[in-house]
Protein chains: 2
Amino acid sequence: MGAQRQERADAARNRRAVLQAAETLLAENGFDHVSLDKVAAAADVGKGTVFRRFGNRAGLMRALLEERAVMLSEGIVSGPPPLGPGVPPRERLLAFLDALADLATRNVALLAAHDRACAEDKFSDPIYLRWHRHITTLLAEARPDLDAEFVGHTLLSMFDADLVRHVMNDGGVARLTGSLRDVASAFLGAPR
Amino acid sequence: MGAQRQERADAARNRRAVLQAAETLLAENGFDHVSLDKVAAAADVGKGTVFRRFGNRAGLMRALLEERAVMLSEGIVSGPPPLGPGVPPRERLLAFLDALADLATRNVALLAAHDRACAEDKFSDPIYLRWHRHITTLLAEARPDLDAEFVGHTLLSMFDADLVRHVMNDGGVARLTGSLRDVASAFLGAPR
DNA sequence: GAAGTAAGCGGACCGTCGGTCCGTATGGTG
DNA sequence: CACCATACGGACCGACGGTCCGCTTACTTC
């Protein structure tokens with residue numbers, strides 16, 4: 001099935017440069033104040049290049065987040081338990097939330113930028129969708145009586161970048177992971 | 001205590017006109033695509049007037065939402081139970097969430113516009129703050145073991161305008177209120 | 001009712017930003 | 001080497017939030 005034409009060398013180089021530049025800018029100036037003009041300039045690339053490569057702001061942020069989320073994704077579908085398959089849904093869900101918390105706390109700025117960019121129609125964002133589907137599936141097994149889709153959204157709302165930042169500023173990572181497990185337990189019922 | 005100078009007649013008239021225009025535009029074109037230029041034009045008022053009166057976009061949306069939320073606020077502090085004081089926190093919290101759901105479903109567009117406008121620093125928005133404090137207080141009574149502040153944010157996330165719209169499009173108001181109670185119950189424990 | 005003044009008005013103006021367009025350059029290929 | 005699809009870059013555009021300032025107007029005082 002189609003190798004569908006190799007990406008040209010300069011194109012590949014530029015894509016790396018743009019991603020790199022965006023990441024740097026995001027780390028320096030926090031999540032906001034990172035316009036695509038600046039990214040293009042920092043990557044030493046024309047603005048048009050950025051848009052041709054990533055479509056729009058949301059596309060760029062998505063690509064960036066995807067880079068950071070790829071290990072998580074692989075861990076879910078084929079990694080060892082409890083993140084991967086092979087344990088009861090309860091454990092797997094908790095493991096997933098922990099992993100997500102890890103990802104979120106390590107990349108707050110990026111997450112914030114991504115959220116902002118996808119604000120319009122966030123329920124169609126592929127990354128959000130994937131995470132939501134995973135949660136929903138596990139939840140449906142563990143608590144078939146609940147509206148899994150709705151609860152899935154509620155659970156994911158705990159990883160709202162602003163909330164993560166807010167909680168981390170006042171209680172640190174420990175508070176976030178702790179509260180996270182409390183909330184999850186509330187939905188899953190007592191820890192057996 | 002200061003009567004601090006009565007608002008001039010034309011100023012009051014203009015404020016009403018702006019609020020009215022904003023509301024209309026919001027109802028016609030959905031939540032987005034309502035720029036302050038358009039509001040000013042529709043109110044037959046200069047743009048500067050809008051900003052002098054409301055400070056910025058967030059201020060206007062807040063004022064608009066405040067109009068709709070005033071009955072709820074009064075109901076909380078001095079209305080009859082179960083919304084007002086006089087019943088156990090459990091009932092009061094559920095009643096509050098129901099009332100909020102009612103407000104939200106009746107004003108999705110406004111809520112969305114407000115959320116968007118306050119996206120930057122939503123935890124400082126007075127309305128959000130008020131609702132959050134109410135929830136937190138009740139929750140701290142009913143479930144002193146939980147991180148009430150965090151759970152408060154989680155509960156309020158269920159009224160995210162996009163989520164409300166999403167759920168209403170696929171299940172209607174009934175689904176929202178139903179799921180809402182399920183989630184709330186999960187936090188509060190079984191209905192005694 | 002005239003005069004004085006603080007409050008209010010409006011809309012031109014500004015900077016920023018996401019996104020588009022198109023003439024030009026260049027890497028791959030036969 | 002010649003050809004062409006692919007990609008490049010940056011000028012350009014429209015929209016928007018917000019500011020500014022010279023002019024107007026509603027109230028007050030006598």
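Reminder, nothing fancy here: chain letters follow the sequence lines and each chain counts from 1.
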**Report entry** Joint cluster assignment, B:Val87 & B:Leu72, ILVMFWY side-chain distance < 4.5 Å
**Finding:**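 No.
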
Report summary line: The residue, A:Glu7 or B:His33, whose nearest nucleotide of DNA chain D is more 5′ is A:Glu7

Query raised in the report: For DNA chain D, whose closest nucleotide is more 5', that of B:Asn56 or that of A:Val45?
Result: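 Looking at DNA chain D, the more 5' nearest nucleotide goes with A:Val45.
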
Using whole Å, report how far [atom1] of [X] lies from [atom2] of [N].
X	N	atom1	atom2	value
B:Met61	D:dC16	CE	C1'	13 Å
B:Asn14	D:dT24	CG	C1'	13 Å
B:Gln6	C:dA7	CD	C1'	13 Å
A:Asp10	D:dA5	CG	C1'	12 Å
A:Lys47	D:dA11	NZ	C1'	10 Å
A:Arg15	C:dG27	CZ	C1'	16 Å
B:Phe54	D:dT19	CZ	P	16 Å
B:Phe51	C:dC14	CZ	P	17 Å

Query raised in the report: Are OP1 or OP2 of C:dA6 and a side-chain N or O of B:Arg8 less than 4.0 angstrom apart?
Result: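 For C:dA6, neither OP1 nor OP2 has a side-chain N or O of B:Arg8 closer than 4.0 Å.
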
Report task. Please check the phosphate of C:dG8 (OP1 and OP2 only) for any side-chain N or O of B:Thr49 closer than 4.0 Å. Result -> no

Query raised in the report: Can you pull the side-chain hydrogen bond (donor to acceptor under 3.5 Å, both in side chains) pairs that have at least one residue in residues 52-62 of chain A, sequence neighbours excluded?
Result: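 Checked against side-chain hydrogen bond (donor to acceptor under 3.5 Å, both in side chains) - neighbours excluded - the pairs reaching residues 52-62 of chain A are A:Arg62-A:Asp125.
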
Query raised in the report: Counting distance only, does the side-chain N/O of B:Arg143 pair as donor-acceptor with the main-chain N or O of B:Ala148 below 3.5 Å?
Result: no

Query raised in the report: Taking B:Arg90 for the side chain and B:Ala142 for the main chain, is one N or O donor matched with an acceptor at less than 3.5 Å?
Result: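 Judged by distance alone, no pair lies under 3.5 Å.
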
Query raised in the report: Is the number of heavy atoms from other residues, nucleotides or ligands within 6.0 Å of CG (B:Asn169) greater than 12?
Result: yes

Query raised in the report: Taking the side chain of A:Ser35 as heavy atoms from C-beta outward, which of C:dG18, D:dG18, D:dC27 is closest to it?
Result: C:dG18

Report task. Using heavy atoms to find the nearest nucleotide of DNA chain C for B:Ala12 and B:Asp37 separately, return the residue whose nucleotide is more 5′. Result -> B:Ala12

Requested in this report: Check every strand shown and say whether B:Arg53 touches a base, only sugar-phosphate, or nothing at a heavy-atom separation below 4.0 Å.
Outcome: sugar-phosphate

Requested in this report: Pick base, sugar-phosphate or nothing for A:Arg52, based on heavy-atom distances below 4.0 Å to the nucleic acid.
Outcome: base

